Number of protein chains: 2
Amino acid sequence: MTSTRSYSRGETIFDSDEDSPELHIMSEGWAARSVSFKDGSRQITDFLIVGDLCDLSALGKGSVGRVAALTPAVVTVLNRQAVTAAMASHPNLARAFISIALIEQATLRVWLAYMGRHEKTTHLGHLFCELHARLRRVDLVGDHSFDLPLTHEVLADATGMSGVHLNRVLQQMRKDGLITLHKHHLEILQPQRLRELAEFDPGYIRPL
Amino acid sequence: MTSTRSYSRGETIFDSDEDSPELHIMSEGWAARSVSFKDGSRQITDFLIVGDLCDLSALGKGSVGRVAALTPAVVTVLNRQAVTAAMASHPNLARAFISIALIEQATLRVWLAYMGRHEKTTHLGHLFCELHARLRRVDLVGDHSFDLPLTHEVLADATGMSGVHLNRVLQQMRKDGLITLHKHHLEILQPQRLRELAEFDPGYIRPL
DNA sequence: CGGCCTTTTGACCCCGTTCAAACGTAGTGG
DNA sequence: CCACTACGTTTGAACGGGGTCAAAAGGCCG
């Protein structure tokens, strides 16, 4: 039936090349999908948290990038064939997967839009708003703060900036009294102001 | 049954707000989905050409941005309910839509990765490779050249650069003997070199 | 205590932006 | 056929955000 599997930081959970008969759902920890280039740089395209499907792509064609654990992580493993069989008899399940894929699309479009924008401060602020909203869905936030067990390097790879600059943006946000970030715990001090600054509209976040 | 509709340049084909009972398929011309910001800037997140679905999002939750014609365009209009009904009786159709959504995702991830990269030349080169591959699928290329009825401004909004800089990148590519671009017709003079330069891997393009 | 991985800070520099103006080129109407 | 206009392309000059390189200063763990 369903089983779980544990990964330690840095381990690959799924790679676009493989054609695995499994479907992975995050049960604990953080993971990221990323695309790498010859010059060593990488772009993180998705953060995966509890409840997220790692490889929806196993249900159809089309996949890019590698999913790797960013923290110690646990995933639940489903059998792909069992899922596709269930889809055949329950059309609503198929529609649910389409919806999930579309929500992931929407998030990618928002990321793309913010990546194209110029001020990196806005971009990072938006990411914080998004993560807060997503973590809230799965009860991983306390009021306006949450654990963010990621290194600067990871945040930089997600927002398309250098680690050095990411650090400077953070300093600025702290100085502006927008956030605190200590020991991998982020607190949003002025949620309203941050949302306005980042033009955050939670409409694209997956509803519960 | 199915009907068609025509749009002139700039007209909105679909907006994420509306909850239309229709599904649109591009039959002629070019369109783009874009996200806009308060400051007037916009980011194009998808180019739509013949055969592309404008609003897969009508089949589920999750949508961002507005789809607008970039040239005079013709779309075929399908009835959404008819499609969802067909999906219920033909599970393979549902899987096909999942695949389409996943391929769109893959493209978005690639765009995101190139947006995060630093050299804009690479980014634009990659876009040209992608467009060529996609247009080839629908027989709209002649050897290594194709019509590209887009303004610099549009290309700039897609690649996240200013119109001025986009023009300069183009000049450089011309000087390097990589391409010519005249009267909205692009010719790739050194396809192999361009692909290598842009690290283009067509694996993510929708197969025929 | 000694490494190793992160975070922080400083200095320098370049890619890409912005502002502006000039230069096509196509379309419209007299 | 020639203005006149509107839009797109091209070019110049100046500025600045963010990158790169390098080194110091914290944590964290064996």
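Side-chain atoms are counted along with the backbone in the values below, which use heavy atoms only and exclude waters and symmetry mates. So you know, we letter chains A, B, ... as the sequences are listed, proteins then strands, and number each from 1. Predicted model only: the values in this text are computed from it and were never measured.
- Between the CD atom of A:Q172 and the C1' atom of C:dT8 there is a distance of 15 Å, rounded to whole Å.
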What does nucleotides 23-30 of chain D look like as a protein-contact string, B for base, S for sugar-phosphate only, - for none, at under 4.0 angstrom between heavy atoms? -----S--
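- B:Q192 and B:R195 share a side-chain donor-acceptor pair at under 3.5 Å.
- No donor-acceptor pair under 3.5 Å is formed between the side chain of B:D147 and the backbone N or O of B:P149.
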Pairs under 3.5 angstrom only: tabulate donor-acceptor contacts from the side chains of residues 70-77 of chain B to other protein residues two or more places apart or in another chain.
residue, atom, partner, partner atom, Å
B:T71, OG1, B:W30, N, 2.9
B:T76, OG1, B:S27, OG, 2.6

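- For the residue pair B:Q105 / B:R109, a side-chain donor-acceptor distance below 3.5 Å is found, with atom types taken as modelled.
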I'd like to know whether A:R5 forms a salt bridge (charged side-chain N to carboxylate O under 4.0 Å, His left out) with A:E22, so could you lay out the CA-CA distance, the side-chain angles of the two residues, the decisive distance to 0.1 Å, and finally the verdict. CA-CA 12 Å; A:R5 196 169 298 152; A:E22 300 177 347; 3.2 Å; yes
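- Axis angle, first five pairs versus last five pairs of the helix from C:dC1-D:dG30 to C:dG30-D:dC1: 40°, rounded to 10°.
- Cation-pi geometry between B:R117 and A:F37 is met: the NZ or CZ atom falls under 6.0 Å from the ring centre, inside 45° of the normal.
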What does the B/S/- profile of nucleotides 8-21 of chain D look like, 5' to 3', with a 4.0 Å heavy-atom cutoff to protein? SSBBBB----SSBB
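- Partners of A:H144 according to the ring pair (Phe, Tyr, Trp, His ring centres under 6.0 Å) rule, which considers only residues two or more places apart in sequence or in another chain, are A:H132.
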Pair up each side-chain donor or acceptor in residues 48-57 of chain B with any protein partner under 3.5 Å, not counting sequence neighbours, and list the distances.
residue, atom, partner, partner atom, Å
B:D52, OD2, B:I49, N, 2.9
B:D52, OD2, B:R134, NH2, 2.6
B:D55, OD1, B:H24, N, 2.9
B:D55, OD2, B:H24, ND1, 2.6

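- Side chain of A:Y114 to main chain of A:L127: no donor-acceptor pair is present (N/O by atom type, distance under 3.5 Å, no hydrogens or angles).
- Although no hydrogens or angles enter the test, the distance criterion places a donor-acceptor pair under 3.5 Å between the side chain of B:E199 and the main chain of A:K38.
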